[in-house]
There are 2 protein chains.
Amino acid sequence: MNQLSERAQQVLEAVVIDHIRSGEPVGSRTISKRHRLQVSSATIRNVMADLEEMGLLQQPHTSAGRVPTEKGLRFYIDSIMKSKDLEAQEKRLIQQALKDVHRDLATLLQKTSKVLSGFCKQAGVVLWPKLTLTRLKHIEFVRLRAHQIMVILITKSGLVNHVVLHWEEDVDQDELDKYGRYLNDIFKDMTLGEIKERIIQEMKNEKNLFDELYSKALKMTDQAFESTFESSELYIEGQLNLINNPEFSDVDRLRHLFQAFEDKSKIIRLLDLTLSKASGVKVILGTESSLDELYELSIISSPYKRGDTLLGALGVIGPLRMDYSRIVPVVEFTAALLSRLMEEPE
Amino acid sequence: MNQLSERAQQVLEAVVIDHIRSGEPVGSRTISKRHRLQVSSATIRNVMADLEEMGLLQQPHTSAGRVPTEKGLRFYIDSIMKSKDLEAQEKRLIQQALKDVHRDLATLLQKTSKVLSGFCKQAGVVLWPKLTLTRLKHIEFVRLRAHQIMVILITKSGLVNHVVLHWEEDVDQDELDKYGRYLNDIFKDMTLGEIKERIIQEMKNEKNLFDELYSKALKMTDQAFESTFESSELYIEGQLNLINNPEFSDVDRLRHLFQAFEDKSKIIRLLDLTLSKASGVKVILGTESSLDELYELSIISSPYKRGDTLLGALGVIGPLRMDYSRIVPVVEFTAALLSRLMEEPE
DNA sequence: TAGTAGCACTCTCTTTCAATGAGTGCCAAG
DNA sequence: CTTGGCACTCATTGAAAGAGAGTGCTACTA
C-alpha cells in the first residue's frame with residue numbers, strides 16, 4: 001500500500017496541508033496553482049480520483065473538493081510528513097514557562113498542560129506519574145478521629161497522596177507515629193510498586209505475624225495502597241481552544257466534545273497505551289482509539305520518563321484537522337523537557 | 001416601587017413562570033388562557049404595557065411577546081415567588097447521595113457539587129471551607145531534598161493541604177520531626193486563623209528569639225501559611241448541563257460561558273460575598289454581579305457552616321431563566337445538610 | 001500514452017420574495 | 001375599567017432563482 005507514485009504523494013500532501021489550513025474541501029484548481037506541482041488541474045483531478053478510490057480522500061458531495069480521510073491522514077503522518085523543527089525561540093519560551101514552577105509537582109504538571117494547550121491552540125493533557133514507579137520519600141499516619149486514620153504518602157518527586165482509612169481498632173497517635181518511623185526506615189527510596197510486592201511477601205511470612213506492631217503497620221499500608229493506586233489523575237487544560245475550531249461551531253458536536261472530556265477515565269486509558277509501548281510520539285486518529293466519544297478527535301501523545309523508567313504521558317487533543325507537523329515536535333520537545341525536569345538532584 | 005397592583009403582580013408572575021418553562025417570549029393571549037386571570041387578552045396587554053414602562057418586562061421586537069427583564073426577575077424573586085417545598089422523596093435522594101462519602105472532605109464537597117448540578121440541571125459549585133476557620137489536626141514537615149521542605153497541614157475536617165518551601169538552611173528530617181511534635185502540641189485544635197495570629201505575637205516576643213528551635217519552627221509555619229491561605233478552591237460540576245439550555249445554543253454565547261468558568265477566581269470572589277453576609281440563600285442575577293463574564297448567568301448560593309461559623313459556600317450557576325422556586329429550596333436544603341455533616345463528632 | 005483544455009453537469013450556498021402567523025397598540029363600545 | 005375588533009409590525013418559513021465551485025468525461029496534443 002506504500003506504493004503511491006511520487007505525484008500522488010505530492011497531491012495527497014497538498015490536500016492535507018491545504019485542508020489543515022483552511023478547514024474546507026480542497027479543489028483541483030487550488031492545488032495546481034500551488035507552484036510545486038507543474039501540472040494542470042485536470043491531471044490533478046485524475047490523481048485525486050485514484051486517491052479517492054484508495055480511500056485516502058473523500059468528497060463531502062459530488063461537486064465539492066476533496067477532504068483527507070482518516071486513512072489519508074494516517075498515510076500522510078506516517079510516510080509523507082516532515083516535522084518542522086521547533087525554532088530556538090519557541091524552545092526557549094517553553095523552557096521559560098516551565099522553569100520556575102519546578103518546586104511543586106502538581107503545579108508543574110498543570111503548567112505543562114497549559115503550555116501544551118497554549119502552544120498548539122488545542123487542549124493539552126498531562127497524566128500524573130504512575131504511582132507504582134515513583135519512589136517513597138515519607139509515609140505518615142494521622143489519627144483523624146476514632147476509627148479514622150489518614151495515611152499520607154509523599155514521593156521523592158514531591159507528589160502528595162492521602163487516603164482516609166476506616167480502621168476497626170482505635171489506634172492512638174503515638175502508636176501511629178511509631179508505625180511511620182518504622183516504615184520510613186524500611187521502605188524509604190523504594191518505588192511504591194516494589195513496596196507493594198514487599199508487603200505481600202512480608203505478610204505471607206509467618207514469623208511477622210508475631211510482631212504485632214509491624215504486622216499492623218503493614219496491613220494499614222496495604223489498605224492505603226489499595227485506594228491510592230486507582231487514582232490516576234489527569235490535567236486537561238485549554239478546552240476553550242477547541243471551541244474556536246470551526247469543526248465545533250455546531251452545538252451538537254460541541255456537546256459531544258465536552259462529553260468526551262467529562263469522563264476522564266477514557267482518556268486516561270488511552271494515554272496508558274502510550275505508556276505501555278516504547279517511547280516516542282504517538283498519534284491516534286479518530287476511530288483508531290475505538291472510543292465512541294473520541295471519534296472525531298485525535299490525540300498526539302508521548303511518555304515522559306525518569307532515566308529509563310516511563311513515568312507518565314502528556315499530549316495534545318484536538319480535531320482530526322490539526323497541524324501535526326508542528327504539534328508533533330512540540331509534544332516531543334515538551335516530553336523531553338519534562339523528563340529532564342523529573343531527574344531528581346541529590 | 002413595591003406598589004404593584006395585585007393584578008400586575010399576577011401578570012408578572014405568569015410571564016416569568018411561562019417564560020422560565022418555555023424560554024420563549026410570552027404573549028397576552030397565552031396568559032389570559034391561564035385560568036387564574038379571568039380577564040381578556042386586551043386587558044393583559046394594557047397591564048403588560050405598564051409593566052414594560054416600569055422596566056419589569058421587555059419586548060425582543062414589536063410584534064413579539066414579553067420577556068421579564070433582570071429587574072422583573074428580581075421583583076418576582078423578592079416579592080412574588082413562593083418557594084415550593086422539597087418533597088420528602090427528593091430530600092431523601094439528596095441525603096442518600098451524600099451519605100457514604102462522608103469520610104474524605106474533598107470527595108464530599110465534589111459530590112455535593114455533583115448533586116447540586118444533577119438536581120437542578122445546571123452547574124453546581126462548592127467553595128472549600130475557608131482555611132482560617134478550620135481547626136488544625138496535625139502539622140508535619142518533610143525534607144524533600146536540600147533546601148526543599150514540604151509542610152503538610154491536616155485539618156480536623158479532613159482537609160489536607162501541602163506547600164513546598166524553599167528554605168535557606170538545610171534542616172535534617174530528625175529536626176523537622178521535632179518541629180512537628182512541638183507545634184502539634186501547641187497549636188492543636190486551634191483554627192488556622194488563630195494560629196496565624198498567635199505566630200505573629202510569638203515572633204514579636206523577644207524571649208522566643210533565643211529558643212532557636214521554636215523560633216525556626218514558627219518561621220517555617222508562617223511561611224507555609226502565606227502560600228496556603230491564597231489557595232481557595234472551588235468545585236464546579238455539571239457544566240455540560242448548561243449546554244442543553246436553549247439560550248446557549250449559540251456558539252458565541254457558549255464560548256462566553258466557558259470563558260466565565262475558566263477563571264475560577266472571579267466566581268470564588270462572588271461566592272465570598274455570600275459568606276460575608278448573614279446566612280441564607282442569595283440570588284445574584286446577571287449584571288448584579290458586576291462581572292462582565294457573568295452578565296447572562298445567575299448564581300443561587302448559600303453558605304454552609306459549622307455551628308455558628310460560616311465555613312464556605314455552595315450554589316448553582318445557570319442562565320437567568322431558571323426555575324428559582326425549585327432551585328432555591330434545593331440549595332437551601334443542601335447547605336443545611338452539608339452544615340450538619342460538617343459538625344464534627346468527638 | 002500521459003497530459004491538457006474544454007464543456008456539460010451537479011450540488012451547495014446565498015439571495016430574494018411572498019406568505020404565514022403570532023402578537024401588539026389603539027379605538028370605540030359596553 | 002374592560003373588552004372586542006382591526007390594522008399594523010415583524011420574525012420565520014419555504015420556494016425559486018442565480019451564482020459559484022468543482023467534478024467527470026471526452027477529444028485533442030506532444
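Lettering follows sequence order; numbering is per chain, from 1.
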Any N/O donor-acceptor pair, B/S40 side-chain to D/dT3 base, under 3.5 Å: no

Matching residue for A/T69 among A/Q58, A/R74, A/E52 - test: side-chain contact (heavy atoms from CB on, under 4.5 Å): A/Q58

Heavy atoms from C-beta onward define the side chain here; which of [options] lies closest to that of [X]?
X: B/R45; options: D/dG4, D/dG5, C/dT10; answer: D/dG5
X: B/A42; options: D/dG4, D/dT2, C/dG25; answer: D/dG4
X: A/T43; options: D/dG4, C/dC11, C/dG3; answer: C/dG3

According to a strict under-4.0 Å criterion, is [X] in side-chain N/O contact with OP1 or OP2 of [N]?
X: B/S63; N: C/dA22; answer: no
X: B/R7; N: D/dT2; answer: yes
X: B/R66; N: C/dG25; answer: yes
X: B/T62; N: D/dC10; answer: yes

Sub-6.0 Å ring centroid separation between A/F258 and B/F258: yes

Mark yes or no for whether [X], through its side chain, and [Y], through its backbone, hold a donor-acceptor pair below 3.5 Å.
X: A/S298; Y: A/G286; answer: no
X: B/K264; Y: B/F261; answer: no
X: B/K121; Y: B/F119; answer: no

Touch class at under 4.0 angstrom, heavy-atom based, for A/A64 against every strand present: sugar-phosphate

Sugar-phosphate only, base, or nothing, as touched by B/S41 at under 4.0 Å among non-hydrogen atoms: nothing

Contact nearer the 5' end of DNA chain D, comparing B/H61 with A/M48: B/H61

Spacing of [X] atom [atom1] relative to [N] atom [atom2], expressed in whole Å:
X: B/E24; N: D/dT12; atom1: CD; atom2: C1'; answer: 12 Å
X: B/L51; N: C/dT24; atom1: CG; atom2: C1'; answer: 15 Å
X: A/N46; N: D/dT23; atom1: CG; atom2: P; answer: 11 Å
X: B/I44; N: C/dG23; atom1: CD1; atom2: C1'; answer: 14 Å
X: B/D18; N: C/dG23; atom1: CG; atom2: P; answer: 11 Å
X: A/E53; N: D/dG24; atom1: CD; atom2: C1'; answer: 14 Å
X: B/E6; N: D/dC1; atom1: CD; atom2: C1'; answer: 17 Å

